[in-house]
Amino acid sequence: MALSLDLKRSIWQVVASIPVGRVATYGQIASMAGQPGRARWVGRLLSELPQATTLPWHRVVNASGQITNPHALIQIQRNASGQITNPHALIQIQRLALEGIKVNNARLSLKQHQWQP
DNA sequence: CCTATGACCATAG
DNA sequence: CCTATGGCCATAG
């Protein structure tokens, strides 16, 4: 079944409504958008977001509370002068930290932070 | 049509 | 905690 723009919009809407300081899982978002079983598709949709998006994609993790966004897992690299070579390193972890969510080894506590409407 | 590939998930050991 | 397994489902070739 081809996926319409409407279905994409319903996913985006749910992601946009995750409160600050809370997180949601891929499967949770799919279900809340009325599309249970499409967790993988949620991940792909987020991977296609423009870099300048205002959508809080950093509040989405997998069912184990782990960050699986490869861009967020890039290690910080520095040149000989000590300057960061890769500005995109650890974006997701940094944004979550700003919202008061601790991440250790790419893992956070769903028990404490999962969004439960 | 078939296979391969994911920012996934639940379960079993 | 970890790995392995089978299922999931849209897309790409």
Side-chain angles (χ1 to χ4, degrees):
Chain A
M1 160 182 179
L3 293 168
S4 66
L5 185 56
D6 279 348
L7 292 181
K8 293 184 179 183
R9 267 198 276 261
S10 67
I11 295 287
W12 292 333
Q13 200 282 327
V14 172
V15 174
S17 60
I18 304 172
V20 174
R22 305 264 83 184
V23 300
T25 70
Y26 295 93
Q28 177 184 358
I29 288 169
S31 295
M32 289 178 66
Q35 303 172 54
R38 284 176 168 155
R40 298 193 90 127
W41 187 61
V42 171
R44 177 174 19 189
L45 216 53
L46 295 189
S47 77
E48 293 171 354
L49 290 174
Q51 195 166 22
T53 183
T54 57
L55 220 57
W57 52 267
H58 59 286
R59 299 185 189 129
V60 184
V61 297
N62 76 6
S64 302
Q66 280 183 298
I67 290 175
T68 40
N69 167 11
H71 289 305
L73 298 175
I74 299 170
Q75 296 300 307
I76 292 179
Q77 297 174 359
R78 297 174 186 277
N79 60 22
S81 304
Q83 294 176 316
I84 294 177
T85 301
N86 181 352
H88 301 302
L90 307 181
I91 294 175
Q92 188 165 13
I93 293 172
Q94 290 168 351
R95 287 191 186 179
L96 288 170
L98 286 177
E99 300 181 3
I101 297 177
K102 285 191 225 171
V103 179
N104 295 318
N105 290 332
R107 181 186 298 275
L108 56 79
S109 169
L110 279 181
K111 184 153 187 150
Q112 291 180 50
H113 303 113
Q114 184 171 21
W115 178 35
Q116 289 163 5

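Order of the sequence lines sets the chain letters (A, B, ...), proteins ahead of strands, with each chain counted from 1.
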Shortest side-chain distance from Pro70(A), nucleotide among dA7(B), dG7(C), dC9(B): dA7(B)
Closest to the Leu3(A) side chain, choosing from dA10(C), dC9(C), dC9(B): dA10(C)
Exercise: do Glu99(A) and His58(A) side chains pair donor with acceptor under 3.5 Å: yes
Comparing Arg107(A) and Pro36(A) on DNA chain C - which has the more 5′ nearest nucleotide: Arg107(A)
N or O in side chain of Ser47(A) less than 4.0 angstrom from dG6(B) OP1/OP2: no
Rounded distance in Å - CG (Asn69(A)) to P (dG6(B)): 14 Å
Separation of the C1' atoms in dG13(C) and dA7(B), to the nearest angstrom: 22 Å
Separation of dA10(C) C1' from Leu46(A) CG (nearest whole Å): 15 Å
Transitive ILVMFWY side-chain link Leu55(A) to Leu5(A), under 4.5 Å: yes
Presence of Arg38(A) side-chain N/O under 4.0 Å of dC8(B) phosphate oxygens OP1/OP2: no
Connected via hydrophobic side-chain network under 4.5 Å: Leu98(A) and Val60(A): no
Base paired to dT5(B) (Watson-Crick or G-U; both N/O distances under 3.5 angstrom): dA10(C)
Atom pair distance, as rounded to whole Å: CD1 in Ile91(A) and P in dA7(B): 16 Å
Nucleotide dC9(B), atom P - distance to CZ of Arg44(A) in whole Å: 14 Å
Gap between atoms CD1 and P, on Ile29(A) and dC8(B) respectively (whole Å): 12 Å
Rounded interatomic separation in angstrom, taking CG from Asn105(A) and C1' from dC1(C): 12 Å
Rounded distance in Å - OH (Tyr26(A)) to C1' (dA10(C)): 16 Å
Position toward the 5' end of DNA chain C (nearest nucleotide), Gln66(A) or Trp41(A): Gln66(A)
Verify same cluster id: Ile11(A), Leu3(A) (apolar side-chain graph, 4.5 Å): yes
Of the listed nucleotides dC9(B), dG7(C), dA10(C), the one nearest the side chain of Ala63(A): dC9(B)
Options dA7(B), dC8(C), dC9(B), nucleotide nearest the side-chain atoms of Arg40(A): dC8(C)
Gap between atoms CG and C1', on Leu108(A) and dA7(B) respectively (whole Å): 14 Å
Nearest atoms (heavy-atom pairs only) where Ser64(A) meets Leu110(A): C-CD1, 4.1 Å
